[in-house]
Amino acid sequence: MAYALPGLPKAELHLHLEGAIRPLTVLDLAREHGVDLPFRDLEEIERALDFKTFLQFLAAFQQVNRCLTRPADFERIARELVEDLVAQDVCYAEIRYAPMHPMRRGMTFDDVTAAVIAGLLQGQREHPNIALALICGLTRQWDCTAAAGSAMGWAGRGLDAIDIGGDEAGFPAEQFAGLYRDALAAGLQVTAHAGEAAGPESVWAAIRLLGVKRIGHGVRSVEDPKLLTVLRAEDVTLEVCPTSNVRTGVVASYEEHPLRRLWDAGVRVTISSDDPAMFRTSISQEYEVARQAFGFDEAELLHATRNAIEAGFCSEETKRALLHDLALPARGGRVMLGREAAP
Ligand code: ADE
Ligand code: ZN
């Protein structure tokens with residue numbers, strides 16, 4: 001498959017493992033395990049992805065998750081995802097997985113996490129020119145206590161950070177303040193979905209009550225000039241996912257999307273694909289959207305890549321190596337230094 005902008009180094013901070021499963025793998029896993037999904041072929045998947053609202057999208061995300069019935073499935077999709085990223089010249093990616101879905105189907109946090117890490121490492125062994133970090137995505141509408149407690153035990157062992165996703169409007173950040181404090185104390189870094197399905201007040205809560213320096217989406221910050229000033233002053237990074245926001249109805253169209261306004265306001269903006277398989281996009285396509293719909297030139301696209309690396313949850317050593325490579329005029333054929341052994 002040909003991707004847009006070949007050769008341009010890309011980095012994405014906001015990528016859901018379960019939202020990136022190849023459609024053929026979803027069908028393959030469901031068939032293999034006898035899972036009765038509401039779609040049985042590629043055409044039916046296409047139809048199931050025709051959600052009109054954010055909550056309908058979350059329901060579809062839950063359906064797709066049902067094809068994952070064993071830890072080995074997570075290993076497979078993690079490995080395949082690394083392969084897909086490398087094919088698009090992604091030099092750095094942060095992948096978030098949602099362990100609370102399989103936990104509700106009887107799998108353990110530790111088994112799923114170990115499988116995801118094994119898959120990422122295998123992908124990285126096969127394609128050493130990519131650096132990775134791993135984020136545990138907690139589902140805000142469910143009781144996160146057990147998953148968060150387990151996540152803390154993986155700090156420094158392949159897990160870098162936590163996130164809260166899911167129903168932002170129904171389950172505000174306030175409820176997670178203690179959990180975020182504990183996670184930070186345990187050595188995990190933090191990000192949070194905010195300003196996607198709720199307004200700027202949700203972003204205020206995330207930065208003030210959860211202590212995050214990164215926001216998943218955050219696009220509705222544009223409604224509050226004072227918030228923009230704070231995001232700029234405190235160097236908060238937005239993980240912006242343009243096509244996701246159009247597909248889930250957060251904004252009506254690319255024309256109305258605030259990517260360019262946030263960028264021009266001096267906020268640290270990065271570009272991501274969120275759930276590429278579910279939104280019929282890819283990180284290359286999102287960079288291409290930034291170019292075509294928002295007028296980003298090559299220097300600005302590279303700046304977005306640099307923003308993502310600088311705001312990444314990887315080690316300072318990895319950042320230095322990635323930024324060094326980014327500054328080189330040509331890519332390919334070189335051994336890239338500084339890749340971590342574990343994601
Ligand atoms: N889970 C997967 N994708 C998500 C998104 N964009 N927002 C909230 N939760 C999600
Ligand atoms: Zn997301």
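Each ligand, and each atom within it, is numbered from 1 in the order the structure gives. Only a predicted model underlies this, so the values are computations on that prediction, with no experimental measurement involved. FYI, the numbering just counts along the sequence from 1.
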*What is the ring orientation for F109 with W154, classed by angle as parallel under 30°, tilted 30 to 60°, or perpendicular over 60°?*
tilted
*Give a yes/no verdict on a cation-pi contact between R47 and F39, requiring under 6.0 Å between NZ or CZ and the six-membered ring centre and an angle within 45° of the axis.*
no
*Between R260 and Y254, is NZ or CZ placed under 6.0 angstrom from the six-membered ring centre and within 45° of the ring axis?*
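Geometry flag: not set, cation outside 6.0 Å or 45°.
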Is the distance between the ring centroids of [Y] and [X] under 6.0 Å?
X	Y	result
H303	F296	no
F294	W263	no
F176	F171	no

Is ligand 1 less than 4.0 angstrom away from at least one heavy atom of [X]?
X	answer
G166	yes
L58	yes
H217	yes

*Examine H14 against ligand 1 and note whether any of their N/O atoms are separated by less than 3.5 Å.*
no
_Polar atom proximity, S244 to ligand 1 (N or O, under 3.5 Å)_ = no
_Close side-chain approach of M100 to L138, heavy-atom, < 4.5 Å_ =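 Yes, close enough: below the 4.5 Å cut-off.
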Got the closest protein heavy atom to [atom], with its distance?
atom	result
atom 6 (N) of ligand 1	D274 OD2, 2.7 Å
atom 1 (N) of ligand 1	H16 CE1, 3.5 Å
atom 3 (N) of ligand 1	D275 OD2, 2.7 Å

*Does the side chain of E94 pick up a donor-acceptor pair with the side chain of Y92 at under 3.5 Å?*
yes
*Check each atom of ligand 1 against the heavy atoms of F61 and keep those under 4.0 Å away; list them by number with element.*
2 (C)
*Short list, please: which atoms of ligand 1 are under 4.0 Å from a heavy atom of E196?*
5 (C), 6 (N), 7 (N), 8 (C)
_For R96, run the salt bridge (charged side-chain N to carboxylate O under 4.0 Å, His left out) check against D274, D275, D163 and tell me which one passes._
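Between R96 and the candidates, salt bridge (charged side-chain N to carboxylate O under 4.0 Å, His left out) is satisfied uniquely by D163.
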*Carboxylate-amine/guanidinium contact E168 R140, below 4.0 Å*: no
_Please determine whether side chain to side chain donor-acceptor pair (under 3.5 Å) holds for the pair R66 and Q63, giving the CA-CA distance in whole Å, both sets of side-chain angles, and the decisive distance to 0.1 Å._
CA-CA 5 Å; R66 290 178 51 239; Q63 287 297 338; 2.9 Å; yes
*Near the Zn ion (ligand 2), which protein N/O/S atoms fall under 2.8 Å?*
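You should have found H14 NE2, H16 NE2, H193 NE2, D274 OD1.
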